Amino acid sequence: MNSISDLIEKYDLPIVEINPNRQYWLVRTFAGEHYEEFFHDDFIAISWNEFSDIERFKKVEKSVLVKEIENTYPDEKRPGHIYGQMDRFINQISVGDVVMIPSKNSTHISFGLIDSDVYVRELSESAIDQEVCNFKKARDVKWLKTIKRDDLDPYLYKLMQSHQTVNSANDYSDVIDRTLHSFYIKDDTAHFVLDVRQTKDIPAMDLVTSINSLIELVPDIQDPFDQERTFKKEDVDLKLRVQSKGIIVFLASDVLVWSVLGMGILVLFITGGKAKFSSTKGKIEGELETEGLLEKILKFKKEDNSHDLKLREHEQNVKKAFEKLDAKIPDDLQGTKDE
């Protein structure tokens with residue numbers, strides 16, 4: 001995958017490479033009371049301040065700490081549960097993990113990346129007087145995206161019903177990945193996500209022909225690192241959810257990743273996505289500002305007389321597909337190909 005990384009960097013492609021080891025968490029905000037502070041001050045935190053000696057927590061045996069928790073909070077019926085919540089926050093969460101926090105009534109969900117190891121917050125008397133969050137154990141967060149609950153992927157609704165302070169969301173990693181990213185590689189699998197905005201029922205033939213128009217790009221793609229390797233439409237897998245608003249996800253793995261990466265780059269070129277294309281006015285031709293990528297990933301060449309005709313045909317078919325599905329390039333890929 002290093003060669004793909006080099007290409008992403010060289011051409012400034014909007015393809016995200018996701019660490020397959022990153023974890024996913026939902027951290028509660030005390031019924032939304034601390035959501036605004038967490039979000040605007042770029043951190044998350046948990047309570048049980050009497051256990052804020054982080055190094056000691058890491059070293060002392062679980063049974064000893066559970067007994068201390070039981071003595072410190074005699075009204076709590078599940079000291080082992082409290083230990084588990086602190087253990088997740090202190091020992092299991094890592095820098096680079098994804099965290100979600102819900103606002104009051106979960107009307108909005110914010111997603112971010114853990115940006116620090118756990119630390120103890122220093123709280124001034126004036127801050128305490130202002131009724132700010134007094135939780136001491138904290139981690140810094142780099143927030144990426146906030147989504148209205150109504151726009152949340154339905155597969156995440158069950159997760160939002162979890163009421164523990166720190167909840168593992170690893171079972172929802174695929175859904176969270178495609179919520180955060182629209183063009184990415186993880187575990188040697190390429191994903192390209194399109195938003196379907198059509199709120200009316202989509203006629204079956206419109207759906208089939210639209211998807212086929214996009215997959216028709218694949219046979220004209222070649223691997224830029226092995227130009228003897230070309231692809232078939234059958235090489236691309238599909239995940240589909242188009243009830244009301246929805247998504248279409250194209251996938252390919254291992255040696256077939258460029259069937260999807262190339263298709264995604266070509267769709268961005270045609271629809272004017274964030275990839276840095278320049279174009280010649282009045283002609284359906286172009287390439288990245290750093291020249292040569294289209295030539296690397298397309299089987300047909302500029303010297304071939306069919307070059308313009310083939311690109312024009314692909315452009316017309318892709319735009320028709322987008323129109324039928326009311327599809328759009330997701331926000332993180334938006335841009336223009338010709339300023």
Side-chain angles (χ1 to χ4, degrees), residues 19-39 41-106 109-124 127-128 131-143 155-176:
N19 183 344
N21 296 318
R22 82 176 182 184
Q23 300 184 89
Y24 303 78
W25 307 93
L26 170 67
V27 174
R28 287 289 170 185
T29 55
F30 207 68
E33 180 178 336
H34 301 311
Y35 169 81
E36 295 289 341
E37 191 174 349
F38 285 179
F39 181 77
D41 291 343
D42 300 318
F43 76 102
I44 54 173
I46 61 170
S47 57
W48 304 297
N49 287 349
E50 289 78 6
F51 292 84
S52 295
D53 186 336
I54 292 170
E55 291 306 314
R56 181 174 184 274
F57 190 95
K58 291 179 178 181
K59 295 175 182 178
V60 175
E61 290 186 7
K62 175 181 176 179
S63 58
V64 174
L65 289 171
V66 169
K67 187 62 178 177
E68 291 180 3
I69 292 169
E70 184 178 16
N71 293 334
T72 305
Y73 308 112
D75 293 334
E76 291 287 349
K77 298 179 180 179
R78 297 189 297 167
H81 170 76
I82 295 176
Y83 170 86
Q85 296 295 285
M86 288 192 284
D87 181 61
R88 283 181 171 181
F89 195 85
I90 293 171
N91 294 322
Q92 297 183 35
I93 294 179
S94 299
V95 173
D97 286 356
V98 174
V99 62
M100 308 162 54
I101 60 170
S103 67
K104 187 175 182 180
N105 298 322
S106 297
I109 313 298
S110 291
F111 297 76
L113 295 179
I114 299 295
D115 206 29
S116 80
D117 292 325
V118 63
Y119 62 90
V120 177
R121 298 171 67 217
E122 297 295 333
L123 297 172
S124 65
I128 296 174
E131 298 183 353
V132 300
C133 174
N134 66 353
F135 299 165
K136 290 185 177 181
K137 294 177 288 298
R139 288 178 177 270
D140 293 336
V141 178
K142 178 182 179 181
W143 299 111
Y155 288 111
L156 290 178
Y157 288 167
K158 184 177 180 181
L159 172 64
M160 300 312 300
Q161 296 171 4
S162 301
H163 294 294
Q164 299 183 87
T165 301
V166 183
N167 305 269
S168 172
N170 287 336
D171 290 344
Y172 302 86
S173 59
D174 288 348
V175 185
I176 297 171

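For clarity, every value in this text was computed on a predicted model and none was experimentally measured.
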Considering all heavy atoms of both residues, which atom of [X] and which atom of [Y] are nearest to each other, and what is their separation?
X: Val166; Y: Gln85; result: N-OE1, 2.6 Å
X: Tyr35; Y: Ser110; result: OH-OG, 2.7 Å
X: Phe43; Y: Trp143; result: O-CZ2, 4.0 Å
X: Arg121; Y: Cys133; result: NH1-O, 2.9 Å
X: Tyr24; Y: Ser173; result: CE1-CB, 3.3 Å
X: Arg139; Y: Ile93; result: NH2-O, 3.0 Å

What's the verdict on side-chain contact (heavy atoms from CB on, under 4.5 Å) for Asp42 and Asp140, showing C-alpha distance, side-chain angles and the deciding distance? CA-CA 6 Å; Asp42 300 318; Asp140 293 336; 5.9 Å; no

Distance (rounded to the nearest 0.5 Å) between [X] [atom1] and [Y] [atom2]:
X: Gln23; Y: Asn170; atom1: CD; atom2: CG; answer: 5.0 Å
X: Glu36; Y: Asp41; atom1: CD; atom2: CG; answer: 10.5 Å
X: Glu70; Y: Lys77; atom1: CD; atom2: NZ; answer: 13.5 Å

With side chains defined as the heavy atoms from C-beta onward, is the minimum distance between [X] and [Y] less than 4.5 Å?
X: His81; Y: Glu76; result: no
X: Pro102; Y: Leu26; result: yes
X: Met86; Y: Ile69; result: yes
X: Trp25; Y: Phe89; result: no
X: Thr165; Y: Trp48; result: yes

Side-chain donor or acceptor of [X] paired with backbone N/O of [Y] under 3.5 Å:
X: Asn167; Y: Leu159; value: no
X: Lys137; Y: Ser47; value: yes
X: His163; Y: Gln161; value: yes
X: Asn49; Y: Lys136; value: yes

So for atom OH, which belongs to Tyr155, do other residues, nucleotides or ligands contribute more than 12 heavy atoms lying within a distance under 6.0 Å?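 Open: at most 12 neighbouring heavy atoms sit under 6.0 Å from OH of Tyr155.
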
More than 12 heavy atoms of other residues, nucleotides or ligands under 6.0 Å from CZ of Phe30: is that the case?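 12 or below, so no.
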
Carefully, step by step, assess Glu50 and Glu68 under the rule side-chain contact (heavy atoms from CB on, under 4.5 Å). CA-CA 10 Å; Glu50 289 78 6; Glu68 291 180 3; over 6 Å; no

Going through the distances and angles, do Leu65 and Arg56 end up as a side-chain contact (heavy atoms from CB on, under 4.5 Å)? CA-CA 10 Å; Leu65 289 171; Arg56 181 174 184 274; 3.8 Å; yes

Is the distance from the ring center of Tyr83 to that of Phe57 below 6.0 Å?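 Between Tyr83 and Phe57, the centre distance is under 6.0 Å.
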
Give the intermediate values and the outcome of side-chain contact (heavy atoms from CB on, under 4.5 Å) for residues Leu113 and Val141. CA-CA 6 Å; Leu113 295 179; Val141 178; 5.9 Å; no

